[in-house]
Number of protein chains: 2
Amino acid sequence: MQSFTEENYLKTIYYLATRQEGEVTTNALAEMTATRAASVTDMLRKLADKQLIHYKKYQGVRLTEEGERLALQIIRRHRLWEVFLVEKLGFGWDEVHDIAEELEHVRSEELVTRLDTYLGYPQFDPHGDPIPTPAGQMPETGYRKLSEAGPGDSIRLMGVLEHSTAFLQHLDRCNLTLGCLVTIAEINAFDKSVLVQIESGRPVFVSHEVAKNLLVN
Amino acid sequence: MQSFTEENYLKTIYYLATRQEGEVTTNALAEMTATRAASVTDMLRKLADKQLIHYKKYQGVRLTEEGERLALQIIRRHRLWEVFLVEKLGFGWDEVHDIAEELEHVRSEELVTRLDTYLGYPQFDPHGDPIPTPAGQMPETGYRKLSEAGPGDSIRLMGVLEHSTAFLQHLDRCNLTLGCLVTIAEINAFDKSVLVQIESGRPVFVSHEVAKNLLVN
DNA sequence: ATAAAAATTTAGACTAGTCTAAATTTTTAG
DNA sequence: CTAAAAATTTAGACTAGTCTAAATTTTTAT
Ligand SMILES: [Mn+2]
Ligand SMILES: [Mn+2]
Ligand SMILES: [Mn+2]
Ligand SMILES: [Mn+2]
């Protein structure tokens, strides 16, 4: 059985591992978990003792199969709760992350199973992130970033890479909703900002910074 | 902001205070929280420092107004989650306590408000316990124990005093459901066991031990 | 009223998780 | 290829919550 803290480390290691090649570093973990490198080292020794990570001093860290299984289980819970909060309780997609951050640690297999059923076996959370299967598989999406699309491309907005309230509210103000169909009207040669035509609405400017955090198709 | 542990102590103090006159004792708290008296003493000093309890060494303990407000808030969350688990997710009333024990600590005013709305502002939890108001009032019920009723009394089963899985499953097997109307057919003079006639069913024997834990009317 | 029993608190220790400061190892740059 | 810089680990300390054993206070029963 893992503590909240251990669960959060596992989740963070998983997250960082998907964002870069090779092992996850102590400093990266310290930054993400808002702790100091020394504290991370202590925790890494503990997780290694429990066989949840592969860890050699100074060499970075990688989840074991069991560690990954646990990480995906926590991510599954997090995303299912986010669906519940948005679909059933009517929260905005910009309000649910912190609450799900707590709910994900409630330990009951049966609860997750029933919640999944109750929600109708959703495939994606409110931010377009895929929900790991009960068996512990992370579904592949094949999405690319809006910033990688070209002029004339007709694409569908499928997810976000950034989950901050500020970013999500910005999208709301631009009428950029998940699922909406857009066409790339123009890409500014100087700042790479994108002019997109939303299916049933007026054109919207999207900065390169924003476009890098939007997943399409 | 309180820790899980502090919240659990407050809840336990509230619970014990309603069950007996006068101050709550260190030993009673140790037994309920499954810790040792020495640990309780440490926590009492901390809660007193935070002005959540009135505490004089060796003299037992009583919640302050703020302490009671917090205790009722936690009880409110616990009971609302129990309603959710039974009404929405289809859990049995004997399965929800431990899960609610975790969910009650999720900290979000907004979450509780929306959950309450979603559930249709329930007045009672699955065990017949009244749900404290958002303002922090514990509704009075005026129920009495089945063991205090007399022969011929026609009463309605309204709640339970014991929440263990074993007890609740026993009631299920006897077809004693919350809300059902029963008539007291006979009280055994020797062991005080009660023979009750359920509205639309056959008569059931209820031991005195069980009758003491059933709330009626 | 006093001595024994019971309840409670204090003293000292332990674990989980964190920190700062210092030491060590790895990486990078010249 | 080495020396400085960066990353990481170790050492030692702190807090929250817990424990056992010993000391103290309160209660109970002669
Ligand atoms: Mn999230
Ligand atoms: Mn999400
Ligand atoms: Mn309960
Ligand atoms: Mn209940």
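The basis for the numbers below is simple: all heavy atoms, side chains too, and nothing from hydrogens, waters or symmetry mates. A note on names: the letters A, B, ... follow the listed sequences, proteins ahead of strands, and every chain is numbered from 1.
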Please give, in whole Å, the distance from D/dA7 C1' to A/Leu44 CG?
13 Å

Using a strict cut-off of less than 4.0 Å between a Lys/Arg side-chain nitrogen and an Asp/Glu carboxylate oxygen, indicate whether B/Arg69 and B/Glu66 qualify as a salt bridge.
yes

Considering every strand and a 4.0 Å limit on heavy-atom distances, what is the contact class for B/Thr41: base, sugar-phosphate, or nothing?
base

Check every strand shown and say whether A/Thr35 touches a base, only sugar-phosphate, or nothing at a heavy-atom separation below 4.0 Å.
sugar-phosphate

For DNA chain C, which residues of residues 12-33 of chain A approach it to below 4.0 angstrom with any heavy atom?
none

Would you kindly give the CZ-to-C1' distance between A/Arg45 and D/dA11, to the nearest whole Å?
12 Å

Going by heavy atoms in the side chains, are B/Ile53 and B/Val24 under 4.5 Å from each other?
no

State, yes or no, whether a side-chain contact exists between A/Asp116 and A/Arg76 at a heavy-atom distance under 4.5 Å.
yes

Distance-only donor-acceptor check, side chains A/Thr25 and A/Asn27, under 3.5 Å:
no

Backbone N or O of A/Val112 within a donor-acceptor pair of the A/Arg77 side chain at under 3.5 Å?
no

Nearest listed nucleotide, side chain of B/Arg36, among C/dT9, C/dC19, D/dC19:
D/dC19

For the side-chain contact (heavy atoms from CB on, under 4.5 Å) test, which of A/Val160, A/Leu161, A/Leu146 pairs with A/Asn213?
A/Leu161

Base, sugar-phosphate alone, or nothing: which one does B/Tyr55 contact when heavy atoms must sit under 4.0 Å apart?
sugar-phosphate

Runs of at least three consecutive pairs that involve DNA chain C, where pairs are Watson-Crick or G-U with distances under 3.5 Å
C:1-30 with D:1-30

Between B/Arg62 (side chain only) and B/Glu23 (backbone N and O only), is there a donor and an acceptor less than 3.5 Å apart?
no

Do the side chain of B/Glu102 and the main chain of B/Ile99 share a donor and acceptor less than 3.5 angstrom apart?
no

Given protein heavy atoms under 4.0 Å, the one-letter contact record of nucleotides 21-27 of chain C, with B base, S sugar-phosphate only and - none, is simply B--BSS-

Can you tell me the distance, in whole Å, between the CG atom of B/Asp49 and the P atom of D/dA16?
11 Å

Is a donor on one side and an acceptor on the other found under 3.5 Å between the side chain of B/Thr165 and the backbone of B/Asp94?
yes

Does A/Ser39 place a side-chain N or O at less than 4.0 Å from the phosphate oxygens OP1/OP2 of C/dT18?
no

Donor-acceptor contacts, no H, no angles, side chain residues 35-45 of chain B, under 3.5 Å, sequence neighbours left out:
| from | atom 1 | to | atom 2 | distance (Å) |
| --- | --- | --- | --- | --- |
| B/Thr35 | OG1 | B/Thr33 | OG1 | 3.0 |
| B/Thr41 | OG1 | B/Ala37 | O | 3.2 |

Verify, without hydrogens or angle tests, whether B/Glu140 (side chain) and B/Gly142 (backbone) share a donor-acceptor contact under 3.5 angstrom.
no

Results of ring-ring contact (aromatic ring centres under 6.0 Å, His included) for A/Phe4 - residues two or more places apart only
A/His105, B/Phe4

Polar pairs (N or O, both sides) under 3.5 Å between protein and nucleotides 12-15 of chain D?
none

Under the 3.5 angstrom rule, does the side chain of B/His127 hit a backbone N or O of B/Trp93 as a donor-acceptor pair?
yes

How is A/Tyr9 classified with respect to the nucleic acid when contacts are heavy atoms under 4.0 Å: base, sugar-phosphate, or nothing?
sugar-phosphate

With a cut-off of 6.0 Å (strictly less than), are more than 12 heavy atoms of other residues, nucleotides or ligands near CD of A/Glu65?
no

Figure out the CZ/P separation between B/Phe4 and D/dT18, and round it to whole Å.
13 Å

